[in-house]
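Since this is a predicted model, take the numbers as computed values, not measurements.
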Amino acid sequence: MEKALSSIKKYKKEAILGPIFKMLEVFFELITPFLMRFIVNEGINVATPENLWPIIYPSLIILGLCILGFLSTLVCQYFASVATWGCGEDIRNRLYLKIGSLSSKEINKIGANTLVTVVTNDVLKVQNGISMAIRLALRAPCLVIGALVCSFILNWQIDLIFLAIIPLIIIVYFVVLKYSTRQLTKVQKRTDEITQIASDSLRGTRVIKGFNKENETENRFNKETEGYFKESKTNAFLNAIINPFTFLVINTAITLIIVFSGNLVFQVGDTSFIASGDLVALVSYLNQILIALVVVCNLVVIFTKAFASNKRINKVFSIETSIINNKKYDKIDINDSEELYKFENVSLSYGNDINVVENISFTINKGETIGIVGGTGSGKSTLVRLLNRFFDPTSGEIFYKGVNLKDYDLDIYKDEIGFVPQKNVLFRGTIRSNFELSKEGINDIDIEEALKFAEAYDFVNAKKEKYDEEVKEGGKNFSGGQRQRLCIARAIIKSPEVLIMDDSTSALDNITERNIRNNISKRKGLTTIIISQKISSVHQADKILVIDNGKLIDIGSHNELIERCEFYKDMAISQSR
């Protein structure tokens, strides 16, 4: 199974060299108090106004160590940046591919808005965790340990004060980490819910305004943000107490050291003598420990968020798609009028015991035009999902060109079908870039033919930029009918063997719809499957499937169904009225 942090393998060099250079900085930092001790104990006593070199020499060495430490830090920061952003890019790319491989079943189960949050927010937190791990994860503990060792060399008795405070701080960190992780999970769930509400509100702005429900929507959003505020406040409080607690403990320790050792500084000859320089060095090491522990407490907060986000990312990676590309059969060619599709007792349920379609059986021959009609919720769109292989049947089999559809190479199959969805989906870019989603390497002639087929050539050619006309987000700069025709053109531009149209002419006027049907009939070898609630859209089809409550109640031509199918006849009469 893929893991988010496996991306670090691509940046082993940066992940190793970064901490090494950081350790060099720690080494230079630990030497500095010894030089300060020498200046206070030896240099000041030896130096004279005429000879300041006993002070200048060690000061220059300290300056040199500072410069070397600065350069080491720069190198570490560079390696950390390369690894951090490189890992972030790799994780996002792998997540995008993983999400793209999931079927509609898995995506619906997780939630599209949750996936967006994972790809953006959670990956960013993992990136931050990787950056801190390379830059500071080793530096902080090594600086604490190094400072403790150096202070032990100077005075082991005072070092006991240092050692006494470390376990206390670690216990507090552990407790905070434990509860903060739980709280962060609640915050992330609130974030997903807020994203969902905001997304729904933006998509349905006109509906909300049309029903005058702005206040209700705002109240719902406010309720979620209030919950988010409360959860975040609790989490922030847990994280906020670490820094003040660390400062309190360290400053208390400094006070104890000064009180303990202050009366010994000038007791010359006493075995407990502490030189002024030693005291300066000890306080310096204690300050280093203070800074390091403050860094550690911040790392605890960052790593808590990173671990929680890493868990969510790995959860996405762990999902196995139910749609597997077996690739047992490559492209198969058949002749016109030969059997293209065969449904044998096909049933499908969406994760429960209720079948949306049940025991559906029918055949479609190559070159036929098939209509599928039925009321709202009858199962028409479910058949479309099965034909597109967005879902596999819960029971029964679907055969395509004589072989089980599950065994047909899915990539080749997708190239052989053109799909026009019920919702007109256009992507931000240009008309050309939208068409290139269907077929790469298209030229202007291909685009022109597709637009003429979809009765879209005139309004596109009237645009200033023509095929390179901008398409705004969701295609909002085009009308509903124009978007439908562009979607039809995009599906037909790759010259598919099968054209599946899921209620994709609902926004067209009767003349335009008739012209598109005529263009479809002129395409030799094209198998067309039209799903619609309008009898007028399918009445010229070779065969019409009538679906009601998930069951196939009749198959036949328009005239045959008018004679023998009461359900179809009632639909036709009601629509003609």
Side-chain angles (χ1 to χ4, degrees), residues 5 8 11-36 61-88 125-154 159 162-163 165-170 172-174 176-177 180 239 242-243 245-247 249-251 253-254 281-307 310:
L5 294 180
I8 201 70
Y11 299 92
K12 287 181 180 178
K13 180 183 73 174
E14 289 80 4
I16 294 172
L17 291 178
I20 288 175
F21 279 94
K22 205 65 179 179
M23 290 304 98
L24 287 176
E25 183 212 347
V26 171
F27 175 73
F28 299 142
E29 193 169 341
L30 290 173
I31 293 176
T32 301
F34 273 103
L35 294 171
M36 293 170 59
I61 295 174
I62 291 173
L63 178 61
L65 292 176
C66 290
I67 294 173
L68 289 174
F70 172 72
L71 294 175
S72 298
T73 301
L74 284 182
V75 176
C76 174
Q77 298 286 71
Y78 169 76
F79 286 133
S81 297
V82 172
T84 299
W85 294 104
C87 287
K125 288 177 181 176
V126 170
Q127 278 184 264
N128 199 20
I130 293 172
S131 177
M132 293 299 104
I134 295 174
R135 292 167 51 198
L136 299 173
L138 280 179
R139 181 189 186 279
C142 287
L143 189 59
V144 171
I145 294 170
L148 287 172
V149 171
C150 292
S151 61
F152 182 84
I153 294 172
L154 291 174
D159 192 57
F162 288 31
L163 293 173
I165 66 174
I166 301 299
L168 180 61
I169 294 175
I170 290 175
V172 173
Y173 284 0
F174 175 77
V176 171
L177 176 63
S180 180
N239 295 327
I242 299 179
N243 271 0
F245 176 79
T246 304
F247 276 103
V249 173
I250 295 295
N251 288 324
I254 292 175
L282 285 169
V283 173
S284 178
Y285 283 125
L286 193 56
N287 279 321
Q288 287 181 351
I289 293 174
L290 168 62
I291 295 172
L293 289 176
V294 170
V295 171
V296 168
C297 81
N298 290 325
L299 288 177
V300 168
V301 175
I302 292 170
F303 287 156
T304 299
K305 295 178 180 179
F307 288 146
N310 181 64

Chemist: Are Ile31 and Leu65 packed together at the side-chain level, in the sense that at least one heavy-atom pair is separated by less than 4.5 angstrom?
Modeler: yes

Chemist: What closest approach, in Å, do Gly129 and Ala306 show between heavy atoms, and which atom pair accounts for it?
Modeler: CA-CB, 4.0 Å

Chemist: Over all heavy atoms of both residues, which pair between Cys76 and Ile134 is shortest? Give the atoms and the distance, please.
Modeler: SG-O, 4.1 Å

Chemist: Nearest 0.5 angstrom please: Ile302 CD1 to Ser131 OG, how far?
Modeler: 8.5 Å

Chemist: When rounded to the nearest 0.5 angstrom, what distance separates CG in Leu71 from CZ in Phe28?
Modeler: 9.0 Å

Chemist: Hey, what do you get for CD1 (Ile61) to SG (Cys66), rounding to the nearest 0.5 Å?
Modeler: 12.0 Å

Chemist: If we only count heavy atoms from C-beta on, is the Val26 to Met23 side-chain gap below 4.5 Å?
Modeler: yes

Chemist: Distance check, rounded to the nearest 0.5 Å: Cys142 atom SG versus Leu30 atom CG?
Modeler: 9.5 Å

Chemist: Drop me the distance from Leu136's CG to Phe303's CZ, to the nearest 0.5 angstrom.
Modeler: 8.0 Å

Chemist: Looking at side-chain heavy atoms only, is the closest gap between Tyr11 and Cys87 below 4.5 Å?
Modeler: yes

Chemist: Just verifying a value: how many Å separate Ile67 CD1 and Ile62 CD1, rounded to the nearest 0.5 Å?
Modeler: 12.5 Å

Chemist: Taking Arg135 first and then Glu25, would you say they form a salt bridge - that is, a charged N and a carboxylate O separated by under 4.0 Å?
Modeler: no

Chemist: Does some side-chain heavy atom of Lys22 sit less than 4.5 Å from a side-chain heavy atom of Leu138?
Modeler: no

Chemist: Go through the steps for Glu29 and Leu143 under the test side-chain contact (heavy atoms from CB on, under 4.5 Å), then give the verdict.
Modeler: CA-CA 9 Å; Glu29 193 169 341; Leu143 189 59; 3.9 Å; yes

Chemist: For Thr84 and Gln127, what are the C-alpha separation, side-chain angles and deciding distance, and is it a side-chain hydrogen bond (donor to acceptor under 3.5 Å, both in side chains)?
Modeler: CA-CA 5 Å; Thr84 299; Gln127 278 184 264; over 6 Å; no

Chemist: Tell me, with the steps shown, if Ile8 and Ile130 meet side-chain contact (heavy atoms from CB on, under 4.5 Å).
Modeler: CA-CA 9 Å; Ile8 201 70; Ile130 293 172; 3.9 Å; yes

